[in-house]
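This structure is a prediction, so every number in the text was calculated from the model and none was measured. Just so you know, residue 1 is the first one in the sequence shown, and it goes up from there.
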Amino acid sequence: METHAPVTARDIMTTPVISVAAEALVEDVVQMLGKHRISAVPVVDNEQHVVGLVSEYDLLATPGVTAAQVMTSSVISVTTETAISDIRQLLVNQWIARVPVLENGRLVGIVSRADIVALLATEWVCGACGEPVRGEHPPKACPKCGADSERFVLHEQPPGP
């Protein structure tokens, strides 16, 4: 069982990332978004460098035949070691829904708002009394018995609703 809270992009990123080449046809990008039930896809070159991002908004708002013609080319990205709190601020302050995660300049993952929201369901359980507490980090002390934060263990959440 994992006993530490996720703290960096590496801890919560989705990998492998579904991506497309700049030459990909828009109709293929649309099919890919629907098939994988995602709302955007990074556009990468042959060496996995991110050159853009195609979102549902781009597909609706920008005419074009290829990913390169409709993509947003000014993409905000993070590294695998970027703190989750910093990613949260980027998503909120920049009004974006996801950030590609890079390692050595190459795409290795993606973090979406849904990944950050999932952290809100993180549950810590007091090892002394069993009291559950939700949050990104364990509390400084148990609200029920007063045990310190070191007594808390991360409780795995089952998938689904």
Side-chain angles (χ1 to χ4, degrees), residues 1-62 64 66-125 133-138 149 152-161:
M1 174 188 275
E2 184 180 7
T3 60
H4 73 281
V7 294
T8 66
R10 181 186 308 280
D11 297 325
I12 65 167
M13 68 185 187
T14 298
T15 187
V17 182
I18 297 163
S19 61
V20 297
E23 305 80 33
L25 297 176
V26 165
E27 61 193 50
D28 294 335
V29 174
V30 169
Q31 295 275 337
M32 185 176 291
L33 294 180
K35 176 182 176 185
H36 295 284
R37 305 186 95 196
I38 55 177
S39 60
V41 63
V43 181
V44 296
D45 64 17
N46 292 337
E47 296 166 357
Q48 294 300 300
H49 296 116
V50 176
V51 297
L53 192 122
V54 176
S55 69
E56 292 169 330
Y57 177 84
D58 297 320
L59 292 167
L60 293 172
T62 310
T66 66
Q69 292 171 332
V70 300
M71 71 182 187
T72 298
S73 58
S74 58
V75 178
I76 297 170
S77 62
V78 298
T79 70
T80 55
E81 299 309 312
T82 302
I84 292 170
S85 57
D86 292 341
I87 296 170
R88 179 180 180 178
Q89 288 304 310
L90 274 174
L91 297 177
V92 170
N93 295 338
Q94 299 298 317
W95 286 73
I96 54 178
R98 70 208 50 82
V99 289
V101 180
L102 308 180
E103 189 168 69
N104 298 318
R106 291 184 166 83
L107 181 66
V108 295
I110 196 160
V111 175
S112 70
R113 288 186 294 208
D115 296 320
I116 303 293
V117 169
L119 288 178
L120 300 176
T122 300
E123 185 173 73
W124 296 89
V125 177
V133 177
R134 292 190 185 277
E136 190 174 334
H137 303 287
S149 66
F152 280 84
V153 294
L154 184 61
H155 182 257
E156 294 287 335
Q157 294 295 313

Using a cut-off of 6.0 Å, state whether more than 12 heavy atoms not belonging to Arg10 lie near its atom CZ.
yes
Looking only at heavy atoms, the pair that brings Ala67 and Val54 closest together is O-CG2, 3.8 Å
Go through the side-chain N and O atoms of Ser39 and Arg98 and say whether any donor and acceptor fall under 3.5 Å apart.
yes
Rounded distance [0.5 Å steps], CD in Glu47 versus CG in Asn104
12.5 Å
State, with a plain yes or no, whether a side-chain heavy atom of Thr8 is found less than 4.5 Å away from one of Thr80.
no
Check the surroundings of atom CG in Asn46: do more than 12 heavy atoms from other residues, nucleotides or ligands lie under 6.0 Å from it?
no
Please lay out, stage by stage, how Leu107 and Ser19 fare under the test side chain to side chain contact (heavy atoms under 4.5 Å, CB included).
CA-CA 9 Å; Leu107 181 66; Ser19 61; 4.1 Å; yes
Applying side chain to side chain contact (heavy atoms under 4.5 Å, CB included), run through Val78 and Asp86 and close with a yes or a no.
CA-CA 9 Å; Val78 298; Asp86 292 341; over 6 Å; no
Apply the test side chain to side chain contact (heavy atoms under 4.5 Å, CB included) to residues Gln69 and Val26: give CA-CA distance (whole Å), side-chain angles for both, the deciding distance (0.1 Å), then the verdict.
CA-CA 9 Å; Gln69 292 171 332; Val26 165; 6.0 Å; no
Side chain proximity check, Val153 to Trp124, heavy atoms < 4.5 angstrom
no
Identify the heavy atoms of Val29 and Val41 that sit nearest to each other, and give their distance.
CG1-CG1, 3.9 Å
Nearest-0.5 Å distance that lies between atom OG1 in Thr66 and atom CD in Glu27
11.5 Å
So CG of Leu33 and CD1 of Ile18: to nearest 0.5 Å the spacing works out to 9.0 Å
Between the side chain of Thr15 and the main-chain N/O of Val108, is any donor-acceptor distance below 3.5 Å?
yes
Asp28 side, atom CG; Glu23 side, atom CD - distance, nearest 0.5 Å:
12.0 Å
Is any side-chain heavy atom of Pro42 closer than 4.5 Å to one of Val75?
no
Decide if atom CD of Gln31 counts as having more than 12 heavy atoms of other residues, nucleotides or ligands within a radius under 6.0 Å.
no
Can Val99 and Leu91 be said to form a side chain to side chain contact (heavy atoms under 4.5 Å, CB included), step by step?
CA-CA 8 Å; Val99 289; Leu91 297 177; 4.1 Å; yes
Out of curiosity, Leu102 CG to Ile110 CD1, how far, rounded to the nearest 0.5 Å?
10.0 Å
For the OG1 atom of Thr14 and the CG atom of Asp115, what is their distance to the nearest 0.5 Å?
4.5 Å
Nearest heavy atoms of Ile84 and Ala9, plus distance in Å:
CG1-N, 4.4 Å
